[in-house]
Asks: 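This is the structure, below, for whatever I ask next.
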Amino acid sequence: MTTDDGDILLDYSKNLINEEVMRMLFDMARSVGVEAAREKMFAGEKINFTEGRAVLHTALRNRSNTPIMVDGKDIMLDVNRVLEQMKGFCHKVRSGEWKGFSGKAITDVVNVGIGGSDLGPLMVTEALKPYSKGGPNVWFVSNIDGTHMAKTLAQLNAETTLFIIASKTFTTQETITNAETAKEWFLQAAKDTSAVAKHFVALSTNAPKVKDFGIDTNNMFEFWDWVGGRYSLWSAIGLSIALHVGFDNFEQLLAGAHWRAIILQSTPAVFEGNKPSNSIIFKKLTPFMLGAFVAMYEHKIFVQGVMWDINSYDQWGVELGKQLAKKIEPELQDDAEVHSHDSSTNGLISFFKKNRS
Ligand code: F6P
């Protein structure tokens, strides 16, 4: 069984599916309200009910610019404002107009972030390497193990390096620790804190924390709480993509993802087969096609979430993990027994403390 809209062929015949199963799946999707949920998402309703937030990464690539209202405000005005800011910045950096503290142009961009503030741009810049001519090199540092940052910095020159500190909350421990290391390394070379403004920009929803870190909020590219971390490459989080492959190609990526939402026309042609795998064929991996491809998987996750009654946008669990890490870190400083967690966690911490060298 295949769907083919002329640009992407998806062959899913190697799944345990026949026409009857497909019909039943469609019936099930209708009965659990996939279509209604989709309309709610696009209309800006707060379908991320555990966090009380809208889910509007689709607005970030809404190339039709149809107004999208959240709490009575058309968010397309903000989306377009930040896109313009990114466009201007990309032009300055890629043309060499943006100079570092010693008057040299930027040759290398380091994205410091983790999770959605790292993986999406990392994947896209890898996939679109053939489009990077004329752009700076990009590096991604996510691991709190200092080796990741140290190995990266060893290959860079502070005079020509731009750091992008990418963090929705600007409180994530890994990112802030790595950003501090980067700033310290940079200042050893620049020896002047005013030079930070030329070499550090922030991508965040949290302006006060960005300011506390020492980044001029004029050098902050904003996004919003209705952008889930896992879905954020289309937002300002995509700045490293736009710098590497150019803003026009970034817009193509958005356009491809927007086009994909205009969801799949099915033209079933029945083949035999029972191996659960999919084959996807397209002519060329362009920014547009990659956008379409990633959006296809995002939409799949959305449909699965509705069908299984799971909130695909919830992230309290991982946020709790971050809070726990903050609590545990000081508890590791001495050899005292720890009783403040559940027995499993207490046991793991004790084992670590007893056995560290
Ligand atoms: O994994 C949880 C999460 O909050 C993701 O949503 C996010 O991409 C990642 O952690 C990093 O968070 P932040 O962008 O706030 O630093």
Side-chain angles (χ1 to χ4, degrees), residues 41 46-61 79 82 86 109-126 138-146 148-149 152 163-183 200-215 217 219-242 257 294-295 297-298 301-302 305 310-329:
M41 176 170 81
K46 298 191 174 166
I47 62 164
N48 177 357
F49 56 87
T50 51
E51 293 181 291
R53 290 176 178 174
V55 174
L56 276 172
H57 50 281
T58 49
L60 300 164
R61 58 215 192 201
V79 169
V82 175
M86 290 169 72
V109 168
V110 185
N111 187 87
V112 181
I114 195 166
S117 301
D118 168 72
L119 290 166
L122 170 61
M123 179 274 287
V124 173
T125 50
E126 277 298 311
V138 279
W139 308 78
F140 291 86
V141 179
S142 53
N143 200 323
I144 198 162
D145 181 331
H148 198 179
M149 183 58 93
T152 307
F163 292 94
I164 296 179
I165 314 303
S167 177
K168 182 172 163 178
T169 54
F170 231 75
T171 56
T172 304
Q173 230 169 346
E174 290 90 336
T175 300
I176 302 306
T177 305
N178 282 330
E180 293 287 0
T181 307
K183 196 164 68 171
F200 283 76
V201 300
L203 319 176
S204 190
T205 60
N206 192 341
K209 287 279 179 201
V210 167
K211 208 166 159 210
D212 285 354
F213 179 83
I215 294 180
T217 42
N219 293 341
M220 169 176 158
F221 298 80
E222 189 189 1
F223 60 113
W224 306 274
D225 72 359
W226 42 260
V227 183
R230 284 156 274 176
Y231 304 83
S232 61
L233 74 88
W234 322 102
S235 71
I237 288 292
L239 186 64
S240 54
I241 304 171
V294 176
Y297 274 89
E298 284 182 354
I301 296 298
F302 168 79
I310 292 169
N311 177 3
S312 303
Y313 307 100
D314 177 280
Q315 57 170 21
W316 287 125
V318 276
E319 287 300 324
L320 178 66
K322 289 181 186 176
Q323 284 169 27
L324 267 177
K326 277 200 185 112
K327 184 167 185 312
I328 291 172
E329 197 192 8

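For ligands, and for the atoms within them, numbers begin at 1 and follow the listed sequence.
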Asks: Side chains of Phe213 and Glu180, heavy atoms from C-beta outward: is any pair under 4.5 Å?
Replies: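 Sidechains of Glu180 and Phe213: in contact.
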Asks: Mind jotting down which protein residues get a heavy-atom contact under 4.0 Å with ligand 1? Chain and number order, please.
Replies: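 Residue list for ligand 1: Ile114, Gly115, Gly116, Ser117, Ser167, Lys168, Thr169, Thr172, Gly229, Gln315, Val318, Glu319, Lys322.
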Asks: I'd like to know if the side chain of Thr205 and the backbone of Phe223 have a donor-acceptor N/O pair within less than 3.5 Å.
Replies: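 Looks like no, no N/O pair under 3.5 Å.
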Asks: Quick one: does His57's side chain have a donor or acceptor within less than 3.5 Å of a partner on Ser235's backbone?
Replies: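 Not at all, since once roles are kept as given, no pair shorter than 3.5 Å links the two residues.
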Asks: Any heavy-atom pair between the side chains of Lys209 and Thr171 that's under 4.5 Å?
Replies: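 Answer yes - side chains close enough.
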Asks: Taking side chain as C-beta onward, heavy atoms only, is Trp224 less than 4.5 Å from Leu60?
Replies: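 With C-beta onward as the side chain, the pair touches.
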Asks: Decide whether Asn48 and Asn311 meet the rule of one side-chain donor and one side-chain acceptor closer than 3.5 Å.
Replies: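 A pair is found: one side chain offers a donor N or O, the other an acceptor, under 3.5 Å apart.
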